[in-house]
J.: 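Please read through the structure below; I'll follow up with questions.
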Amino acid sequence: MAKDIAQEAKGFYKLSWLQRIGFGSGDLAQNLIFQTVATFLMIYLCTVLKIDPKFVGGLILGVRILDCFWSPVVGRYIDNHNPRLGKYRAYLLFGGIPLTVAACFLMLPAAASWTMGMKIVYATVSYTVLSMIYSVVNIPYGSIMASMTRDNDEVLILTSTRMVCANIGQIIVQAGFPIGLAIALHSAIDWNQATFMAIGTIPAFIILPSLPFLKKLFGKKGLYYLLLTIGFAGFAILYCIGKFADVEDCTAVIQAAKVMTGVGLLVGSLMWALVPEVITEAEYRTGNRPAAIVNALAGVAFKAGFSVAGWITPLVMGLVGFNLASEKSALPTDPDAWFTVTCIFALAGFVLLTLCFLGCKERISTTPEKPVSFGQMFKEFKENKCLQLVLLIFIVVFLATFINAPVNAYYPKLKEYQPDQQEAILWFTCVIPALLLLVVGYLIYKYPLTDERLDEMSKSIEERTK
């Protein structure tokens, strides 16, 4: 008992499950909004508002380029201020209210009847505002974990809890959105489509709670390699079925293969466990613990993967003759139904952000002795090789995750399209993500921080502070 108290005095806090789940509810909240944008916004803009897919792709890329400048501004501000309700927790409330409002305004029913010029202005403004507010919530939320404990085992449990909650949000949106559209329209539910879109998240509920055991069994890198191999095999199976068989005749095999792809893409969730490691390495070198800055840069890399995917997908599919705005949509196009489902997810998200605010407890001071400048932020990025590598992994793994997200709705209906269009769907749902997983494996191989080295750094930091 005395040893545990001494460890906690050095920042190695043990957390209750109430605190862990409270923290994780924040990721569930944000994913109800983020997954709606990542999976369905492109389809909404192209098939409901009938906006040119090339413009939609450019809009997604442009907003994310803007975010590359905006997120560091948010991170710097947060690192240099201490709101009364909590250095990071406060933004869950201060940002949560406008985030909910912006999400509800993202898919207004009236927009479908506007002129094309008005639609373009509306799409640009609503998506840009939502993205900027999302950063104000997401960056401090990611930073909370680094202020709750230094214990690597606790960080791993927090990460697994957070990612389980994130995947609950993902499965709710990816399955619930098409189901919600059908319910709103009082039409038949396409269960095969809904299942295919969401079943890839199932491995998260098995693997993430088992992370501490699996990490001991395979090692950190060994676990990553295993997951990536299973995912690659799943993508290969999906491609072969789509290319050489009838998708509707192989439902069981397809669903199994989709689960395998979810195992591989789960590495994207595990990458968030590396962020506190990079923060610790930075504190070891500089004496400051730049949690919000590192999370801001991680968020930029995460969004970079998402934005490149959102830009390439409609552009390249259009080049091969699959125009999302003119081809038969895989989902209903009634604007009232889209608005209703989006609002339900947004309001549920705000309730969960409130629970996260109440459940998190910040214990470790992360305020720098001097205000952090943008020059210092660039210097940290330039000198921190581990950070550079982690950011590159983020870009590639989330490019693999999101490049196929909107196209997944079309895979179960593959035979309804022309051969060249089928090939485009297969490349974006199978081939490109599989190749990107190979790149992720190589980058993980180059990652240098071991658990032993991290423990040495943490102990050195505490001794130096003492």
Side-chain angles (χ1 to χ4, degrees), residues 38 163 167 170 196 199-204 207-208 211 214-215 217-244 253-254 256-275 277-278 298 300-313 315-317 320 385-408 411 423-450:
M163 290 301 110
N167 279 274
Q170 184 176 348
F196 181 80
I199 199 171
T201 61
I202 295 296
I207 295 174
L208 290 176
L211 270 183
L214 293 174
K215 183 180 175 183
L217 185 62
F218 297 103
K220 181 164 62 179
K221 289 189 176 182
L223 176 58
Y224 289 150
Y225 297 148
L226 176 62
L227 299 181
L228 291 170
T229 301
I230 295 172
F232 184 88
F235 282 119
I237 293 171
L238 286 179
Y239 179 80
C240 290
I241 292 175
K243 187 72 174 177
F244 305 110
V253 177
I254 286 174
K258 192 65 164 57
V259 170
M260 293 172 65
T261 66
V263 171
L265 294 175
L266 192 59
V267 170
S269 297
L270 302 187
M271 287 300 103
W272 293 104
L274 302 184
V275 173
E277 297 182 4
V278 173
V300 169
F302 161 68
K303 293 169 186 174
F306 163 61
S307 61
V308 172
W311 170 60
I312 288 178
T313 302
L315 178 64
V316 176
M317 292 191 74
V320 298
K385 303 301 181 184
C386 294
L387 175 60
Q388 295 173 17
L389 187 58
V390 167
L391 295 183
L392 186 56
I393 296 173
F394 264 91
I395 292 173
V396 178
V397 74
F398 286 110
L399 175 57
T401 300
F402 294 116
I403 202 165
N404 70 346
V407 190
N408 276 334
Y411 184 91
E423 193 67 29
I425 294 171
L426 289 175
W427 269 82
F428 278 95
T429 55
C430 309
V431 178
I432 297 177
L435 295 176
L436 290 171
L437 289 188
L438 296 178
V439 178
V440 173
Y442 172 75
L443 295 174
I444 289 174
Y445 169 75
K446 302 291 289 184
Y447 183 70
L449 292 180
T450 64

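We use all heavy atoms of the structure for the numbers below, so side chains are in, but hydrogens, waters and symmetry mates are not. Everything numeric in this text was worked out from a predicted model, so none of it was measured.
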J.: Would you say that I254 contacts L238 through its side chain, given a criterion of any heavy-atom pair below 4.5 Å between the two side chains?
T.: yes
J.: State the CH2-CG distance between W427 and N404, to the nearest 0.5 angstrom.
T.: 14.0 Å
J.: Under the side-chain hydrogen bond (donor to acceptor under 3.5 Å, both in side chains) rule, what pairs show up with a residue in residues 429-440, not counting sequence neighbours?
T.: none
J.: If every non-hydrogen atom of I237 is compared with every non-hydrogen atom of A257, which pair is closest and at what distance?
T.: CG2-CB, 3.7 Å
J.: Can you list the residues that meet the side-chain contact (heavy atoms from CB on, under 4.5 Å) rule with L217, with sequence neighbours excluded?
T.: F213
J.: Can you name the residues that form a side-chain contact (heavy atoms from CB on, under 4.5 Å) with T401, not counting sequence neighbours?
T.: L265, F398
J.: Show your working on side-chain contact (heavy atoms from CB on, under 4.5 Å) between K258 and N408 and close with a plain yes or no.
T.: CA-CA 10 Å; K258 192 65 164 57; N408 276 334; 3.9 Å; yes
J.: So, taking the atom named CD in Q170 and the one named OG1 in T201, what distance separates them when rounded to the nearest 0.5 Å?
T.: 5.5 Å
J.: Taking the side chain as C-beta and beyond, is there a heavy-atom pair between I432 and F428 under 4.5 Å?
T.: yes
J.: Heavy atoms, side chains only, cut-off 4.5 Å: are V396 and L437 in contact?
T.: no
J.: List the atom pairs, with distances to 0.1 Å, where a side-chain N or O of residues 227-236 and a protein N or O form a donor-acceptor pair under 3.5 Å, not counting sequence neighbours.
T.:
from	atom 1	to	atom 2	distance (Å)
T229	OG1	Y225	O	2.8

J.: Identify, with sequence neighbours excluded, every residue that meets side-chain hydrogen bond (donor to acceptor under 3.5 Å, both in side chains) alongside K243.
T.: E423
J.: Just how far is it from atom CD1 of I393 to atom OH of Y224, taken to the nearest 0.5 Å?
T.: 8.0 Å
J.: Would you compute the distance between atom SG of C430 and atom CG of L435 and round it to the nearest 0.5 angstrom?
T.: 11.0 Å
J.: How many angstroms lie between CG in N167 and CG in L266, if you round to the nearest 0.5 Å?
T.: 6.0 Å
J.: Taking side-chain hydrogen bond (donor to acceptor under 3.5 Å, both in side chains) as the definition, give me every residue that meets it alongside E277, ordered by chain and number, with sequence neighbours left out.
T.: K220, Y447
J.: Would you call T313 and I403 a side-chain contact if the rule is heavy atoms closer than 4.5 Å?
T.: yes
J.: Which distance, rounded to the nearest 0.5 Å, do you find between the CD1 of I199 and the OG1 of T261?
T.: 9.5 Å
J.: After noting the C-alpha distance and the side-chain angles of V253 and I241, does the key distance pass the side-chain contact (heavy atoms from CB on, under 4.5 Å) rule?
T.: CA-CA 9 Å; V253 177; I241 292 175; 3.5 Å; yes
J.: Short question: side chain of K446, backbone of L389 - any donor-acceptor pair under 3.5 Å?
T.: no
J.: Please identify each residue that fulfils ring pair (Phe, Tyr, Trp, His ring centres under 6.0 Å) with F196, with sequence neighbours left out.
T.: Y411
J.: Can you check whether P203 reaches V259 side chain to side chain, under 4.5 Å on heavy atoms?
T.: yes
